[in-house]
Amino acid sequence: MSGAPSNPLGSALPVTVEARGVSKTYGTGNVAVHALRGVDFHAHQGEFVMLNGPSGSGKTTLLSILGCVLTPSEGSVRLFDEELASKKERDLPRLRLEYIGFIFQGHNLVASLDARENVALPMRMRGWSPSAASREAESLLHRVGLGDKLDRKPSELSGGQRQRVAVARAVSGNPPIILADEPTASLDATTGLSVTELLKQMATEGGHTVVVVTHDNRIFHLADRIVHIEDGRISNEAHP
Ligand SMILES: Nc1ncnc2c1ncn2[C@@H]1O[C@H](COP(=O)(O)OP(=O)(O)OP(=O)(O)O)[C@@H](O)[C@H]1O
Ligand SMILES: [Mg+2]
């Protein structure tokens, strides 16, 4: 990448993920839920953005749409140069694999795999050899402070340790965009802060775009930008 000004949104760094006029309605008729109502959102390379708002405001829905887990009912989503509206449902897994590392609300690690195997899994899916994926998984687990827990199953780890495995798995294979849904929800203040600092480091040192959904005001100071969402709309943006 050239580093020259390359987007109209005021940053010198390229926009990696962008939503325009995105709406999402679950169900139809009188049971329809309008989870998102015309959301515009973007984030650029190396940016650490937090999405905040009340329960039910549409945060997970927006993150899932940005992460190619869900398709919008209306509007467009762009990852790098790829416009998702022109893609079919069956293209979404390929896009996820190419661009996205996702930390789900509740982390969903594979229970039957140990920490190293969980972290290696996305790299194996990206075509890495078993030995290269395993070596890289070890190095990532060392980086999140779990170098001595490589062979532990999720059930043999604490909540904070599981969350750190989920962070290592999300960055495994080096996807440019990392999305995390409430990564500190089940953690004490110290562990929550260290998980968030790790995500921040992914943005500042690794150049990843990191978008984190959170209610946790103990970590707001680490964000480059906080986007507030209310009743399916972005209501304001702040720089802490
Ligand atoms: N699969 C679904 N079917 C029907 N309604 C849904 C579905 N998923 C979410 N909703 C509704 O859409 C709205 C937004 O949900 P969403 O999960 O995006 O909220 P959220 O901001 O992440 O909330 P929380 O902070 O509680 O996680 C809510 O009213 C929710 O009940
Ligand atoms: Mg949610």
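Nothing here was measured: the structure is a model prediction, and the numbers come from that model. We count residues from 1, following the sequence as given. Side-chain atoms are counted along with the backbone in the values below, which use heavy atoms only and exclude waters and symmetry mates.
Of all non-hydrogen atoms in Ala111 and Pro154, the two that sit nearest each other are O-CD, 3.6 Å. Heavy atoms only, all atoms of each residue included: Pro175 and Ile178 are closest at O-CG1, 4.3 Å. Contact record, Val211 with Ala43: CG2-CB, 4.4 Å, taken as the closest heavy-atom pair. Here the closest heavy-atom approach between residue Phe48 and residue Leu222 is recorded as CD2-O, 3.2 Å. Contact detail for Ser57 and Gly53: the closest heavy-atom pair is OG-C, 3.7 Å. Leu146 and Gln161 get closest at one heavy-atom pair: CD1-O, 3.4 Å.
With a 4.5 Å cut-off on side-chain heavy atoms, Val39 and Leu62 count as touching. Between Leu36 and Pro72, the closest side-chain pair of non-hydrogen atoms is not below 4.5 Å. Taking the side chain as every heavy atom from C-beta outward, Leu109 and Arg169 approach each other to under 4.5 Å. Phe220 has its side chain within reach of Thr214: a pair of non-hydrogen atoms, C-beta onward, lies under 4.5 Å apart. The shortest side-chain heavy-atom distance between Val144 and Val165 does not fall under the 4.5 Å cut-off. Under the 4.5 Å side-chain criterion, counting only non-hydrogen atoms from C-beta, Ile229 is not in contact with Phe41. Using a 4.5 Å heavy-atom cutoff, the side chains of Leu179 and Ile177 are in contact. By the 4.5 Å heavy-atom criterion applied to side chains, Val77 and Glu18 are not counted as neighbours.
For Ala132, the side chain to side chain contact (heavy atoms under 4.5 Å, CB included) partners at least two apart in sequence or on another chain are Trp128, Ser129, Arg135. Take Arg96 and apply the side chain to side chain contact (heavy atoms under 4.5 Å, CB included) test, not counting sequence neighbours, and it matches Cys68, Val69, Leu92, Pro93. Shown here are the side chain to side chain contact (heavy atoms under 4.5 Å, CB included) partners of Ala223, two or more places apart in sequence or in another chain: Met50, Ile226, Pro240. Here Phe102 pairs with Phe104 under the ring pair (Phe, Tyr, Trp, His ring centres under 6.0 Å) rule; sequence neighbours left out. For Asp188, the side chain to side chain donor-acceptor pair (under 3.5 Å) partners two or more places apart in sequence, or in a different chain, are Thr191. Contacts of Ser73 classified as side chain to side chain contact (heavy atoms under 4.5 Å, CB included), with partners at least two apart in sequence or in another chain: Lys24, Thr25. Residues passing the ring pair (Phe, Tyr, Trp, His ring centres under 6.0 Å) test with Tyr99, sequence neighbours excluded: Phe80.
With hydrogens and angles ignored, the 3.5 Å screen pairs a side-chain donor or acceptor of Arg162 with a backbone N or O of Leu157. Panel note: side chain Asn52, backbone His215; no donor-acceptor pair is recorded below 3.5 Å. Under a 3.5 Å cut-off, the side chain of Thr209 and the backbone N or O of His44 do form a donor-acceptor pair.
Between Glu136 and Arg143 there is no salt bridge, since no side-chain nitrogen of the basic residue lies less than 4.0 Å from a carboxylate oxygen of the acidic one. Under a 4.0 Å N-O distance rule, the pair Arg78/Glu82 does not qualify as a salt bridge.
Residue pairs that meet the side chain to side chain donor-acceptor pair (under 3.5 Å) test with at least one member in residues 230-240, sequence neighbours left out, are Arg225-Glu237, His228-Glu230. Residue pairs meeting the salt bridge (Lys or Arg N to Asp or Glu O under 4.0 Å) criterion with at least one partner in residues 109-130, sequence neighbours excluded, are Arg116-Glu138, Arg116-Asp151. The salt bridge (Lys or Arg N to Asp or Glu O under 4.0 Å) pairs that include a residue from residues 66-76 number zero, where partners must be two or more places apart or lie in different chains. Sorted by first then second residue, the salt bridge (Lys or Arg N to Asp or Glu O under 4.0 Å) pairs that include residues 198-219, not counting sequence neighbours, are Lys200-Asp224, Asp216-Arg218. Legend: salt bridge (Lys or Arg N to Asp or Glu O under 4.0 Å) pairs involving residues 57-67, not counting sequence neighbours: none detected.
Distance check, rounded to the nearest 0.5 Å: CG of Leu193 to OG1 of Thr184 gives 9.5 Å.
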Any chance you could lay out the side-chain contact (heavy atoms from CB on, under 4.5 Å) test for Met125 and Leu97, step after step, and finish with the verdict? CA-CA 8 Å; Met125 290 168 72; Leu97 206 53; 4.0 Å; yes
Take Tyr26 and Thr61 through the side-chain contact (heavy atoms from CB on, under 4.5 Å) test and state the conclusion after the steps. CA-CA 10 Å; Tyr26 294 107; Thr61 303; 2.9 Å; yes
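Paired with Pro183 under the rule side chain to side chain contact (heavy atoms under 4.5 Å, CB included), one option of Val212, Ile219, Val213 passes, and it is Val212.
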